[in-house]
Every structure is written in structure tokens, then in C-alpha cells.
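If you read the sequence from its start, that first residue is 1, and numbering goes on from there.
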Amino acid sequence: AETRSGPWGCPKGRSMSADNGGWHRTELELPPEGEVVETISPQGGQHARLSRSGGLWFLEDGSMYVYYTPLVWKRID
């Protein structure tokens, strides 16, 4: 049996996009720079719309960056 981690049921070490509603683990795959995506924070599982620039993640409006790297992200439909 496959070991799954996190509340999204992601198989360890694999992308979540195929079986979990389009979610991707940031440790395995990053979104294109500048694209606003839905994210889930590592502390408390809070959802936020962020965009990435290099190693920093910014609020949707670009006004400031957050002090964490999201656990997972997915494209906004």
C-alpha cells in the first residue's frame, strides 16, 4: 500500500496534480513566475492566492511577500 501524507492525500514523493484536483507539491514543482495560483500554507493550512518571483511568494496584488513557502499550489480555474 502507498503511504500518503497531508490532508490532500498526496502520495509521498509525487506530484498531486493527477489525482488530487490539480494540487502540486512546491517541493517537487513550482508554478511559472508571476502566475497567481491558489496555495495552502504549511502553518494551519490557510488558503491564499499568491504569485511567485524567484524564491519569494507575493500576495495576489503584489503588495507584499509572505514569510513562508506554501506546501501546495494549483492553477486558478
Side-chain angles (χ1 to χ4, degrees):
E2 216 171 308
T3 303
R4 295 183 179 268
S5 64
W8 312 280
C10 178
K12 285 187 177 181
R14 293 203 339 219
S15 175
M16 298 169 50
S17 61
D19 347 72
N20 295 293
W23 290 104
H24 302 266
R25 296 177 63 101
T26 54
E27 65 187 37
L28 301 175
E29 183 180 2
L30 293 171
E33 287 198 34
E35 180 178 343
V36 176
V37 294
E38 183 76 22
T39 65
I40 298 177
S41 73
Q43 302 88 8
Q46 298 297 315
H47 287 247
R49 289 186 173 196
L50 305 174
S51 65
R52 182 180 68 84
S53 178
L56 296 177
W57 291 80
F58 288 83
L59 297 179
E60 184 174 15
D61 66 4
S63 62
M64 63 181 285
Y65 63 89
V66 297
Y67 292 90
Y68 62 87
T69 297
L71 284 176
V72 296
W73 65 273
K74 72 175 181 175
R75 288 197 158 87
I76 298 171
D77 295 329

Only one of E29, R25, E38, E27 forms a side-chain contact (heavy atoms from CB on, under 4.5 Å) with V72, so which one is it?
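Considering E29, R25, E38, E27, a side-chain contact (heavy atoms from CB on, under 4.5 Å) with V72 is found only for R25.
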Measure from the side-chain N and O atoms of [X] to the backbone N and O of [Y], and report whether any donor-acceptor pair falls under 3.5 Å.
| X | Y | result |
| --- | --- | --- |
| R75 | D77 | no |
| W73 | S51 | no |
| R49 | V36 | no |

Which pair of heavy atoms, one from P42 and one from P70, lies closest together, and at what distance?
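Closest approach of P42 to P70, heavy atoms only: CD-CA, 4.2 Å.
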I'd like to check P31 versus W57 (side-chain heavy atoms, cut-off strictly below 4.5 Å). Are they in contact?
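Yes - at least one pair of side-chain heavy atoms lies under 4.5 Å apart.
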Is there a chain of hydrophobic side chains (I, L, V, M, F, W, Y, each step under 4.5 Å between heavy atoms) that links [X] to [Y]?
| X | Y | result |
| --- | --- | --- |
| Y67 | L59 | no |
| F58 | M64 | no |
| V37 | L30 | yes |

Output the distance between atom OG1 (T39) and atom NE2 (H24), rounded to the nearest 0.5 Å.
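Going from the OG1 atom of T39 to the NE2 atom of H24 covers 13.0 Å.
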Rounded to the nearest 0.5 Å, what separation is found between the OH atom of Y68 and the CG atom of L50?
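Between atom OH of Y68 and atom CG of L50 there are 5.0 Å.
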Determine the interplanar angle of the H47 and W23 rings, folded into 0 to 90°, and report it as parallel if under 30°, tilted if 30 to 60°, perpendicular if over 60°.
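Rings of H47 and W23: perpendicular, over 60°.
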